[in-house]
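A short worksheet on the structure shown next.
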Amino acid sequence: MRVAVVGTGYVGLVVGACLAETGNDVVCADLDKEKIAGLKKGRIPIYEPGLEPLVVRNQREGRLTFTTDVGSAVESSEVVFVAVGTPPDEDGSADLQHVLDVAKAVGQHMNSPKVVITKSTVPVGTAQRVREEIAKYTDMQFYVCSNPEFLKEGAAVDDFMRPDRVVVGVDSDEAQEILSDLFAPFVRTGNPLIFMDIASAELTKYTANAMLAARISFMNQIAELCERVGADVAQVRKGIGSDSRIGKSFLFPGPGYGGSCFPKDVRALIRTAADCEVTLDLLLATEKVNQKQKKVLFEKLSGTLDGRIEDSRIAIWGLAFKAETDDMRESPSVSLISALVDAGARVIAHDPEAIRAARDIFGETIFYADHMYDALSETNALVVVTEWSEYRNPDFERMKSLMAEPLIVDGRNLYDPGKMRELGFEYHCLGRGNPV
Ligand code: NAD
(Lines give C-alpha, C1' and ligand atoms only; values in the text may rest on other atoms or scores of the structure.)
Protein backbone atom coordinates (compact mmCIF):
# COMPACT_ATOMS: atom_id res chain seq x y z
CA MET A 1 0.00 0.00 0.00
CA ARG A 2 1.12 3.57 -0.58
CA VAL A 3 1.16 5.25 2.83
CA ALA A 4 1.91 8.79 4.01
CA VAL A 5 2.75 9.45 7.66
CA VAL A 6 2.49 13.13 8.49
CA GLY A 7 4.49 14.11 11.58
CA THR A 8 7.83 12.32 11.96
CA GLY A 9 8.31 12.40 15.74
CA TYR A 10 8.54 9.60 18.29
CA VAL A 11 5.34 8.04 16.94
CA GLY A 12 5.38 8.95 13.23
CA LEU A 13 8.92 7.74 12.60
CA VAL A 14 8.27 4.39 14.27
CA VAL A 15 4.95 3.96 12.44
CA GLY A 16 6.54 4.86 9.10
CA ALA A 17 9.54 2.57 9.57
CA CYS A 18 7.42 -0.39 10.76
CA LEU A 19 4.89 -0.03 7.93
CA ALA A 20 7.77 0.09 5.43
CA GLU A 21 9.26 -3.01 7.08
CA THR A 22 6.07 -4.91 6.22
CA GLY A 23 6.38 -4.02 2.54
CA ASN A 24 4.40 -0.81 2.18
CA ASP A 25 5.72 2.22 0.29
CA VAL A 26 5.90 4.87 2.97
CA VAL A 27 6.63 8.57 2.78
CA CYS A 28 7.16 10.36 6.09
CA ALA A 29 6.43 14.09 5.97
CA ASP A 30 7.33 16.71 8.54
CA LEU A 31 7.58 20.52 8.54
CA ASP A 32 10.87 20.34 10.47
CA LYS A 33 13.44 20.82 7.69
CA GLU A 34 16.44 19.96 9.84
CA LYS A 35 14.86 16.70 10.99
CA ILE A 36 13.98 15.63 7.45
CA ALA A 37 17.40 16.62 6.06
CA GLY A 38 19.02 14.49 8.77
CA LEU A 39 16.71 11.53 8.16
CA LYS A 40 17.50 11.61 4.44
CA LYS A 41 21.14 11.10 5.44
CA GLY A 42 20.20 8.27 7.83
CA ARG A 43 20.50 10.42 10.98
CA ILE A 44 17.83 9.42 13.53
CA PRO A 45 16.67 12.46 15.53
CA ILE A 46 15.65 10.48 18.64
CA TYR A 47 17.03 7.61 20.69
CA GLU A 48 14.75 4.61 20.28
CA PRO A 49 16.17 1.07 20.49
CA GLY A 50 16.04 -0.82 17.19
CA LEU A 51 14.78 2.11 15.16
CA GLU A 52 17.93 3.12 13.33
CA PRO A 53 18.57 -0.16 11.46
CA LEU A 54 14.90 -0.27 10.45
CA VAL A 55 15.00 3.26 9.04
CA VAL A 56 18.33 2.76 7.28
CA ARG A 57 17.36 -0.60 5.75
CA ASN A 58 13.96 0.48 4.47
CA GLN A 59 15.36 3.72 3.11
CA ARG A 60 18.06 1.74 1.28
CA GLU A 61 15.43 -0.63 -0.12
CA GLY A 62 13.46 2.40 -1.39
CA ARG A 63 10.34 1.68 0.69
CA LEU A 64 10.83 4.60 3.07
CA THR A 65 11.32 8.20 1.98
CA PHE A 66 11.24 11.56 3.75
CA THR A 67 9.92 14.93 2.68
CA THR A 68 8.96 18.36 3.99
CA ASP A 69 6.28 18.59 1.28
CA VAL A 70 3.14 17.38 3.07
CA GLY A 71 0.99 18.02 -0.04
CA SER A 72 3.03 15.77 -2.31
CA ALA A 73 3.11 13.06 0.38
CA VAL A 74 -0.70 13.17 0.51
CA GLU A 75 -1.03 13.08 -3.28
CA SER A 76 1.18 10.00 -3.63
CA SER A 77 -0.72 7.94 -1.01
CA GLU A 78 -3.89 5.90 -0.54
CA VAL A 79 -3.64 5.95 3.24
CA VAL A 80 -2.62 9.02 5.28
CA PHE A 81 -1.66 8.73 8.96
CA VAL A 82 -1.82 11.91 11.03
CA ALA A 83 0.89 11.58 13.71
CA VAL A 84 1.58 15.21 14.61
CA GLY A 85 1.80 16.47 18.18
CA THR A 86 -1.27 17.34 20.26
CA PRO A 87 0.30 19.46 23.00
CA PRO A 88 -1.77 20.68 25.94
CA ASP A 89 -3.61 23.97 25.53
CA GLU A 90 -3.66 26.46 28.39
CA ASP A 91 -6.87 24.94 29.80
CA GLY A 92 -5.48 21.38 29.66
CA SER A 93 -7.39 20.38 26.52
CA ALA A 94 -5.48 18.92 23.56
CA ASP A 95 -4.40 21.57 21.06
CA LEU A 96 -5.66 20.27 17.71
CA GLN A 97 -4.07 22.98 15.58
CA HIS A 98 -1.45 20.69 14.01
CA VAL A 99 -4.01 17.93 13.38
CA LEU A 100 -6.36 20.36 11.65
CA ASP A 101 -3.47 21.86 9.63
CA VAL A 102 -2.80 18.38 8.28
CA ALA A 103 -6.52 17.86 7.58
CA LYS A 104 -6.50 21.06 5.55
CA ALA A 105 -3.44 19.92 3.57
CA VAL A 106 -5.14 16.56 2.94
CA GLY A 107 -8.27 18.32 1.64
CA GLN A 108 -6.25 20.61 -0.58
CA HIS A 109 -4.25 17.72 -2.09
CA MET A 110 -7.01 15.12 -2.39
CA ASN A 111 -6.35 13.77 -5.89
CA SER A 112 -7.87 10.28 -5.34
CA PRO A 113 -10.05 8.53 -2.71
CA LYS A 114 -8.09 8.17 0.54
CA VAL A 115 -8.29 6.76 4.04
CA VAL A 116 -7.19 9.33 6.63
CA ILE A 117 -6.23 7.92 10.03
CA THR A 118 -5.72 9.97 13.18
CA LYS A 119 -2.84 8.32 15.01
CA SER A 120 -2.24 11.31 17.28
CA THR A 121 -3.95 11.13 20.66
CA VAL A 122 -7.05 13.26 20.17
CA PRO A 123 -10.25 13.89 22.12
CA VAL A 124 -13.60 12.41 21.21
CA GLY A 125 -15.09 14.24 18.26
CA THR A 126 -11.78 14.99 16.54
CA ALA A 127 -12.37 12.58 13.62
CA GLN A 128 -15.54 14.51 12.87
CA ARG A 129 -13.63 17.82 12.94
CA VAL A 130 -10.96 16.35 10.66
CA ARG A 131 -13.69 15.17 8.28
CA GLU A 132 -15.29 18.63 8.20
CA GLU A 133 -11.94 20.33 7.61
CA ILE A 134 -11.03 18.05 4.69
CA ALA A 135 -14.51 18.41 3.19
CA LYS A 136 -14.06 22.19 2.97
CA TYR A 137 -11.56 21.65 0.17
CA THR A 138 -12.72 18.60 -1.79
CA ASP A 139 -15.74 16.73 -3.13
CA MET A 140 -13.77 13.54 -3.58
CA GLN A 141 -14.60 10.49 -1.46
CA PHE A 142 -12.52 9.89 1.66
CA TYR A 143 -12.79 8.02 4.97
CA VAL A 144 -11.63 9.21 8.37
CA CYS A 145 -10.66 6.60 10.99
CA SER A 146 -9.11 6.66 14.44
CA ASN A 147 -6.18 4.41 15.24
CA PRO A 148 -4.77 5.35 18.65
CA GLU A 149 -1.18 4.35 19.27
CA PHE A 150 -0.21 2.41 22.40
CA LEU A 151 3.55 2.08 21.85
CA LYS A 152 5.91 2.84 24.74
CA GLU A 153 8.96 5.00 24.16
CA GLY A 154 12.00 2.82 24.81
CA ALA A 155 10.26 -0.25 23.33
CA ALA A 156 8.38 1.47 20.53
CA VAL A 157 9.52 -0.68 17.61
CA ASP A 158 8.77 -3.89 19.45
CA ASP A 159 5.40 -2.60 20.64
CA PHE A 160 4.42 -1.58 17.13
CA MET A 161 5.62 -4.79 15.48
CA ARG A 162 4.06 -7.02 18.17
CA PRO A 163 1.23 -5.01 19.73
CA ASP A 164 -0.95 -6.35 22.57
CA ARG A 165 -3.83 -5.15 20.39
CA VAL A 166 -4.57 -2.75 17.57
CA VAL A 167 -7.61 -0.53 18.08
CA VAL A 168 -9.29 1.05 15.07
CA GLY A 169 -12.34 3.28 15.08
CA VAL A 170 -14.18 3.09 11.76
CA ASP A 171 -17.57 3.95 10.34
CA SER A 172 -17.37 2.29 6.93
CA ASP A 173 -16.81 -1.26 5.65
CA GLU A 174 -14.49 0.02 2.93
CA ALA A 175 -12.10 1.64 5.43
CA GLN A 176 -12.29 -1.43 7.69
CA GLU A 177 -11.22 -3.70 4.85
CA ILE A 178 -8.26 -1.51 3.89
CA LEU A 179 -7.09 -1.25 7.50
CA SER A 180 -7.53 -4.99 8.09
CA ASP A 181 -5.04 -5.57 5.26
CA LEU A 182 -2.64 -2.89 6.47
CA PHE A 183 -2.53 -4.18 10.05
CA ALA A 184 -2.70 -7.93 9.28
CA PRO A 185 1.11 -8.43 9.51
CA PHE A 186 1.11 -7.07 13.05
CA VAL A 187 -1.59 -9.34 14.47
CA ARG A 188 -0.56 -12.64 12.87
CA THR A 189 0.11 -14.27 16.24
CA GLY A 190 -3.50 -13.78 17.25
CA ASN A 191 -3.37 -10.57 19.23
CA PRO A 192 -6.62 -8.81 18.49
CA LEU A 193 -7.32 -6.20 15.86
CA ILE A 194 -10.29 -4.50 17.48
CA PHE A 195 -12.65 -2.50 15.30
CA MET A 196 -15.07 -0.21 17.09
CA ASP A 197 -16.91 3.03 16.60
CA ILE A 198 -14.72 6.12 16.29
CA ALA A 199 -15.70 7.83 19.56
CA SER A 200 -14.90 4.66 21.53
CA ALA A 201 -11.49 4.34 19.84
CA GLU A 202 -10.65 7.95 20.64
CA LEU A 203 -11.66 7.48 24.26
CA THR A 204 -9.85 4.13 24.60
CA LYS A 205 -6.45 5.78 24.30
CA TYR A 206 -7.12 8.35 27.00
CA THR A 207 -8.68 5.74 29.26
CA ALA A 208 -5.63 3.47 28.94
CA ASN A 209 -3.17 6.24 29.80
CA ALA A 210 -5.35 7.59 32.60
CA MET A 211 -5.63 4.15 34.19
CA LEU A 212 -1.86 3.57 34.04
CA ALA A 213 -1.22 7.03 35.49
CA ALA A 214 -3.74 6.31 38.26
CA ARG A 215 -1.90 3.07 39.14
CA ILE A 216 1.35 4.98 39.45
CA SER A 217 -0.14 7.68 41.68
CA PHE A 218 -1.87 4.99 43.75
CA MET A 219 1.41 3.15 44.37
CA ASN A 220 3.20 6.41 45.15
CA GLN A 221 0.64 7.05 47.90
CA ILE A 222 0.98 3.51 49.22
CA ALA A 223 4.78 4.03 49.25
CA GLU A 224 4.33 7.15 51.36
CA LEU A 225 2.19 5.20 53.79
CA CYS A 226 4.76 2.36 53.89
CA GLU A 227 7.38 4.84 55.05
CA ARG A 228 5.18 5.98 57.91
CA VAL A 229 4.20 2.52 59.13
CA GLY A 230 7.55 0.80 58.59
CA ALA A 231 6.36 -1.43 55.73
CA ASP A 232 8.27 -2.20 52.52
CA VAL A 233 6.50 -1.22 49.32
CA ALA A 234 8.55 -3.77 47.36
CA GLN A 235 6.97 -6.54 49.44
CA VAL A 236 3.50 -5.00 49.16
CA ARG A 237 3.98 -4.75 45.39
CA LYS A 238 4.90 -8.43 45.11
CA GLY A 239 2.02 -9.35 47.37
CA ILE A 240 -0.58 -7.60 45.25
CA GLY A 241 1.00 -8.03 41.80
CA SER A 242 0.71 -11.80 42.02
CA ASP A 243 -3.10 -11.38 42.08
CA SER A 244 -4.16 -11.97 38.48
CA ARG A 245 -6.92 -9.38 38.85
CA ILE A 246 -4.27 -6.76 39.60
CA GLY A 247 -1.25 -7.84 37.54
CA LYS A 248 2.44 -6.99 37.95
CA SER A 249 2.87 -3.94 35.72
CA PHE A 250 2.90 -0.30 36.73
CA LEU A 251 3.18 -0.98 40.44
CA PHE A 252 6.60 0.56 41.06
CA PRO A 253 6.72 3.76 43.07
CA GLY A 254 8.86 6.49 41.55
CA PRO A 255 9.53 10.21 41.34
CA GLY A 256 6.20 10.93 39.59
CA TYR A 257 5.09 10.06 36.07
CA GLY A 258 6.31 12.24 33.21
CA GLY A 259 6.83 12.03 29.49
CA SER A 260 4.88 13.44 26.61
CA CYS A 261 1.72 11.40 27.21
CA PHE A 262 0.51 10.64 30.75
CA PRO A 263 0.53 14.20 32.14
CA LYS A 264 -1.10 15.80 29.12
CA ASP A 265 -3.53 12.95 28.46
CA VAL A 266 -4.76 12.87 32.06
CA ARG A 267 -5.33 16.64 31.91
CA ALA A 268 -7.03 16.42 28.50
CA LEU A 269 -9.40 13.70 29.71
CA ILE A 270 -10.27 15.74 32.80
CA ARG A 271 -10.96 18.67 30.46
CA THR A 272 -13.09 16.64 28.03
CA ALA A 273 -15.17 15.38 30.94
CA ALA A 274 -15.52 18.86 32.44
CA ASP A 275 -16.82 20.13 29.10
CA CYS A 276 -19.61 17.53 29.44
CA GLU A 277 -20.15 18.44 33.11
CA VAL A 278 -18.58 15.21 34.38
CA THR A 279 -16.04 15.57 37.20
CA LEU A 280 -13.39 12.85 37.07
CA ASP A 281 -12.51 12.95 40.77
CA LEU A 282 -10.18 9.97 40.54
CA LEU A 283 -8.11 11.60 37.81
CA LEU A 284 -8.07 14.96 39.57
CA ALA A 285 -6.53 13.11 42.53
CA THR A 286 -4.13 11.22 40.23
CA GLU A 287 -2.85 14.49 38.85
CA LYS A 288 -2.61 16.12 42.31
CA VAL A 289 -0.68 13.17 43.74
CA ASN A 290 1.71 13.31 40.80
CA GLN A 291 2.41 17.02 41.28
CA LYS A 292 3.25 16.29 44.90
CA GLN A 293 5.36 13.25 43.98
CA LYS A 294 7.56 15.32 41.68
CA LYS A 295 8.73 17.20 44.78
CA VAL A 296 9.50 14.09 46.83
CA LEU A 297 13.16 13.66 45.85
CA PHE A 298 13.96 17.31 46.55
CA GLU A 299 12.20 17.11 49.91
CA LYS A 300 14.05 13.93 50.89
CA LEU A 301 17.33 15.49 49.89
CA SER A 302 16.81 18.81 51.63
CA GLY A 303 15.53 16.98 54.73
CA THR A 304 18.69 14.88 54.78
CA LEU A 305 21.14 17.69 54.03
CA ASP A 306 19.39 19.73 56.70
CA GLY A 307 19.70 23.23 55.28
CA ARG A 308 22.94 22.56 53.40
CA ILE A 309 21.49 22.50 49.86
CA GLU A 310 22.91 25.92 49.06
CA ASP A 311 26.44 25.50 47.74
CA SER A 312 26.17 21.71 47.87
CA ARG A 313 27.25 19.59 44.88
CA ILE A 314 24.54 17.17 43.82
CA ALA A 315 25.01 14.41 41.27
CA ILE A 316 21.99 13.32 39.23
CA TRP A 317 21.88 9.93 37.56
CA GLY A 318 19.19 9.95 34.87
CA LEU A 319 17.46 12.84 33.14
CA ALA A 320 15.05 11.13 30.74
CA PHE A 321 11.54 10.56 32.07
CA LYS A 322 12.21 6.83 31.95
CA ALA A 323 14.96 4.48 30.81
CA GLU A 324 15.71 3.71 27.13
CA THR A 325 14.57 7.08 25.80
CA ASP A 326 16.07 10.55 25.38
CA ASP A 327 12.68 12.17 25.96
CA MET A 328 12.70 14.74 28.77
CA ARG A 329 9.19 16.10 28.31
CA GLU A 330 7.71 16.56 31.81
CA SER A 331 10.51 14.44 33.28
CA PRO A 332 10.69 14.43 37.10
CA SER A 333 14.35 15.37 36.68
CA VAL A 334 13.26 18.78 35.37
CA SER A 335 11.35 19.78 38.52
CA LEU A 336 14.08 18.33 40.76
CA ILE A 337 16.96 20.09 39.01
CA SER A 338 15.07 23.38 38.77
CA ALA A 339 14.41 23.26 42.53
CA LEU A 340 18.06 22.42 43.24
CA VAL A 341 19.37 25.23 41.04
CA ASP A 342 16.91 27.69 42.60
CA ALA A 343 18.12 26.62 46.04
CA GLY A 344 21.72 27.37 45.06
CA ALA A 345 23.04 23.81 44.54
CA ARG A 346 25.56 22.89 41.87
CA VAL A 347 24.18 20.04 39.79
CA ILE A 348 26.26 17.54 37.82
CA ALA A 349 24.04 15.35 35.69
CA HIS A 350 24.55 12.16 33.77
CA ASP A 351 22.25 10.37 31.35
CA PRO A 352 23.26 7.87 28.67
CA GLU A 353 21.03 9.46 26.01
CA ALA A 354 19.29 12.63 27.19
CA ILE A 355 22.16 15.11 27.59
CA ARG A 356 21.31 16.86 24.33
CA ALA A 357 17.67 17.30 25.38
CA ALA A 358 18.83 18.45 28.83
CA ARG A 359 21.07 21.14 27.34
CA ASP A 360 18.02 22.55 25.54
CA ILE A 361 16.29 22.89 28.91
CA PHE A 362 19.05 23.81 31.37
CA GLY A 363 21.75 25.26 29.10
CA GLU A 364 24.87 25.97 31.11
CA THR A 365 23.08 26.34 34.47
CA ILE A 366 24.16 22.79 35.36
CA PHE A 367 27.18 20.60 34.55
CA TYR A 368 27.01 17.49 32.38
CA ALA A 369 29.10 14.38 32.93
CA ASP A 370 30.09 12.08 30.05
CA HIS A 371 30.44 9.13 32.38
CA MET A 372 28.24 8.16 35.32
CA TYR A 373 31.18 8.11 37.77
CA ASP A 374 32.44 11.51 36.56
CA ALA A 375 29.24 13.04 37.94
CA LEU A 376 30.12 11.95 41.49
CA SER A 377 33.37 13.77 42.15
CA GLU A 378 33.25 15.69 45.47
CA THR A 379 29.45 15.55 45.60
CA ASN A 380 27.42 15.79 48.80
CA ALA A 381 24.74 13.48 47.44
CA LEU A 382 23.66 11.40 44.47
CA VAL A 383 20.02 11.37 43.35
CA VAL A 384 18.96 8.50 41.08
CA VAL A 385 16.08 9.71 38.93
CA THR A 386 15.93 7.32 35.95
CA GLU A 387 16.16 3.53 36.08
CA TRP A 388 18.81 3.04 33.35
CA SER A 389 20.32 -0.48 33.46
CA GLU A 390 23.85 0.82 33.98
CA TYR A 391 22.86 2.37 37.33
CA ARG A 392 21.50 -0.90 38.70
CA ASN A 393 24.69 -2.58 39.78
CA PRO A 394 27.39 0.09 40.08
CA ASP A 395 30.77 -0.06 41.80
CA PHE A 396 29.74 1.23 45.22
CA GLU A 397 33.30 1.37 46.61
CA ARG A 398 34.34 3.54 43.69
CA MET A 399 31.30 5.73 44.26
CA LYS A 400 32.14 6.18 47.94
CA SER A 401 35.73 7.09 47.17
CA LEU A 402 34.58 9.77 44.71
CA MET A 403 31.80 11.38 46.75
CA ALA A 404 32.41 13.94 49.49
CA GLU A 405 29.55 12.33 51.47
CA PRO A 406 28.20 8.80 50.94
CA LEU A 407 24.57 9.88 50.58
CA ILE A 408 22.16 8.47 48.00
CA VAL A 409 18.53 9.42 47.40
CA ASP A 410 17.12 6.76 45.10
CA GLY A 411 13.91 7.63 43.25
CA ARG A 412 13.70 4.17 41.64
CA ASN A 413 14.45 1.82 44.55
CA LEU A 414 17.34 0.26 42.62
CA TYR A 415 19.40 -0.84 45.62
CA ASP A 416 18.94 -2.97 48.71
CA PRO A 417 18.66 -0.74 51.81
CA GLY A 418 20.36 -3.31 54.08
CA LYS A 419 23.29 -3.75 51.73
CA MET A 420 23.66 0.01 51.33
CA ARG A 421 23.87 0.41 55.10
CA GLU A 422 26.54 -2.30 55.26
CA LEU A 423 28.50 -0.52 52.56
CA GLY A 424 28.43 2.65 54.66
CA PHE A 425 25.97 4.70 52.63
CA GLU A 426 23.20 6.84 53.99
CA TYR A 427 20.49 5.59 51.66
CA HIS A 428 16.99 6.95 51.16
CA CYS A 429 14.51 5.40 48.77
CA LEU A 430 10.74 5.31 48.35
CA GLY A 431 8.33 3.41 50.56
CA ARG A 432 10.77 1.18 52.36
CA GLY A 433 10.26 2.23 55.96
CA ASN A 434 12.88 4.96 55.94
CA PRO A 435 11.15 8.26 56.79
CA VAL A 436 13.35 11.34 56.54
P1 NAD B 1 6.58 14.65 18.47
O2 NAD B 1 6.53 16.02 19.03
O3 NAD B 1 7.77 13.79 18.75
O4 NAD B 1 6.40 14.72 16.88
C5 NAD B 1 5.44 15.47 16.25
C6 NAD B 1 5.98 15.87 14.88
O7 NAD B 1 4.94 16.49 14.13
C8 NAD B 1 7.13 16.88 14.95
O9 NAD B 1 8.24 16.37 14.26
C10 NAD B 1 6.56 18.13 14.24
O11 NAD B 1 7.55 18.84 13.52
C12 NAD B 1 5.54 17.50 13.33
N13 NAD B 1 4.49 18.43 12.89
C14 NAD B 1 3.76 19.31 13.61
N15 NAD B 1 2.86 19.93 12.83
C16 NAD B 1 2.99 19.42 11.58
C17 NAD B 1 2.34 19.64 10.33
N18 NAD B 1 1.32 20.50 10.24
N19 NAD B 1 2.73 18.93 9.26
C20 NAD B 1 3.75 18.04 9.35
N21 NAD B 1 4.41 17.80 10.51
C22 NAD B 1 4.04 18.48 11.61
O23 NAD B 1 5.26 13.94 18.99
P24 NAD B 1 5.05 12.38 19.32
O25 NAD B 1 5.61 12.08 20.66
O26 NAD B 1 5.46 11.57 18.13
O27 NAD B 1 3.46 12.33 19.45
C28 NAD B 1 2.61 12.46 18.34
C29 NAD B 1 1.19 12.10 18.78
O30 NAD B 1 1.14 10.73 19.17
C31 NAD B 1 0.68 12.90 19.97
O32 NAD B 1 -0.69 13.12 19.83
C33 NAD B 1 0.94 11.98 21.14
O34 NAD B 1 0.05 12.22 22.22
C35 NAD B 1 0.66 10.63 20.52
N36 NAD B 1 1.35 9.51 21.15
C37 NAD B 1 2.64 9.64 21.57
C38 NAD B 1 3.29 8.55 22.13
C39 NAD B 1 4.71 8.68 22.63
O40 NAD B 1 5.15 7.80 23.36
N41 NAD B 1 5.45 9.72 22.25
C42 NAD B 1 2.63 7.33 22.26
C43 NAD B 1 1.33 7.22 21.79
C44 NAD B 1 0.69 8.32 21.24
Side-chain angles (χ1 to χ4, degrees), residues 4-18 27-39 44-49 51 66-74 80-89 92-109 116-123 126-127 130 133 146-160 163-164 166-167 201-202 204-210 212-213 257-269 320-322 324-331 357 360:
V5 181
V6 186
T8 311
Y10 283 85
V11 168
L13 186 56
V14 171
V15 171
C18 292
V27 52
C28 284
D30 200 290
L31 299 181
D32 186 332
K33 292 192 177 72
E34 207 181 317
K35 190 182 271 189
I36 294 297
L39 280 163
I44 311 299
I46 53 170
Y47 174 72
E48 187 57 54
L51 184 58
F66 295 97
T67 182
T68 52
D69 185 348
V70 175
S72 76
V74 170
V80 181
F81 281 91
V82 183
V84 294
T86 45
D89 229 334
S93 61
D95 179 351
L96 295 179
Q97 191 51 51
H98 301 310
V99 171
L100 295 175
D101 285 349
V102 178
K104 180 177 176 183
V106 171
Q108 289 172 332
H109 294 272
V116 180
I117 304 162
T118 50
K119 184 61 121 170
S120 304
T121 302
V122 289
T126 302
V130 166
E133 187 65 23
S146 163
N147 168 228
E149 182 50 59
F150 298 99
L151 63 76
K152 299 181 288 297
E153 285 177 21
V157 171
D158 215 38
D159 282 349
F160 194 88
D164 288 342
V166 176
V167 168
E202 289 172 333
T204 296
K205 173 64 191 176
Y206 282 105
T207 308
N209 276 359
L212 294 172
Y257 59 77
S260 68
C261 293
F262 286 6
K264 88 169 165 58
D265 292 351
V266 167
R267 282 178 218 134
L269 188 55
F321 84 95
K322 63 174 181 177
E324 297 297 332
T325 181
D326 59 354
D327 198 341
M328 283 194 61
R329 291 178 279 187
E330 302 223 22
S331 174
D360 289 343

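In listed order, ligands and their atoms are each counted from 1.
- A salt bridge is absent between K104 and E133: the closest approach of a Lys/Arg side-chain nitrogen to an acidic carboxylate oxygen does not fall below 4.0 angstrom.
- Residue-level proximity to ligand 1 for S120 is carried by backbone and side chain together, each with a heavy atom below 4.0 angstrom.
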Test side chain to side chain contact (heavy atoms under 4.5 Å, CB included) applied to F150 and D164, step by step = CA-CA 9 Å; F150 298 99; D164 288 342; over 6 Å; no

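- Of all atoms in ligand 1, numbered sequentially from 1 with element shown, those under 4.0 Å from a heavy atom of E153 are 39 (C), 40 (O), 41 (N).
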Begin with the C-alpha distance, continue with both residues' side-chain angles, and end with the deciding distance and a verdict on side chain to side chain contact (heavy atoms under 4.5 Å, CB included) for K264 and T86.
-> CA-CA 9 Å; K264 88 169 165 58; T86 45; 3.5 Å; yes

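- Looking at atom 36 (N) of ligand 1, its nearest protein heavy atom turns out to be V11 CG2, 3.5 Å.
- When all heavy atoms of S146 and E202 are compared, the closest pair comes out as OG-CG, 3.6 Å.
- Ranking the protein heavy atoms by distance from atom 35 (C) of ligand 1 puts T121 OG1, 3.4 Å first.
- Near A83, meaning under 4.0 Å from one of its heavy atoms, ligand 1 places the atoms 28 (C).
- With distances taken over non-hydrogen atoms, the option nearest atom 24 (P) of ligand 1 out of Y10, F150, F262 is Y10.
- Those atoms of ligand 1 that come under 4.0 Å of a heavy atom in V6, given as number and element, are 19 (N), 20 (C).
- At the shortest separation from atom 16 (C) of ligand 1 among protein heavy atoms lies V84 CG1, 3.5 Å.
- K152 approaches D159 most closely through the heavy-atom pair N-OD2, 2.8 Å.
- Contacts with ligand 1 closer than 4.0 Å are made by no heavy atom of K152, backbone or side chain.
- Contacts with ligand 1 closer than 4.0 Å are made by heavy atoms of both the backbone and the side chain of L31.
- Judged by distance alone, with hydrogens and angles left aside, the side-chain atoms of K205 form no donor-acceptor pair with the main-chain N or O of V167 at under 3.5 Å.
- Protein heavy atom nearest atom 2 (O) of ligand 1, with residue, atom name and distance: R329 NH1, 3.3 Å.
- Closest to atom 4 (O) of ligand 1, if we only count protein heavy atoms, is G9 CA, 3.2 Å.
- Protein heavy atom in closest approach to atom 11 (O) of ligand 1: D30 OD1, 2.6 Å.
- Look at K264 and you'll find a heavy atom under 4.0 Å from some atom of ligand 1.
- When each atom of ligand 1 is checked for a heavy atom of K205 under 4.0 Å away, the hits are 43 (C).
- Here the heavy atom of the protein found nearest to atom 32 (O) of ligand 1 is T86 OG1, 2.5 Å.
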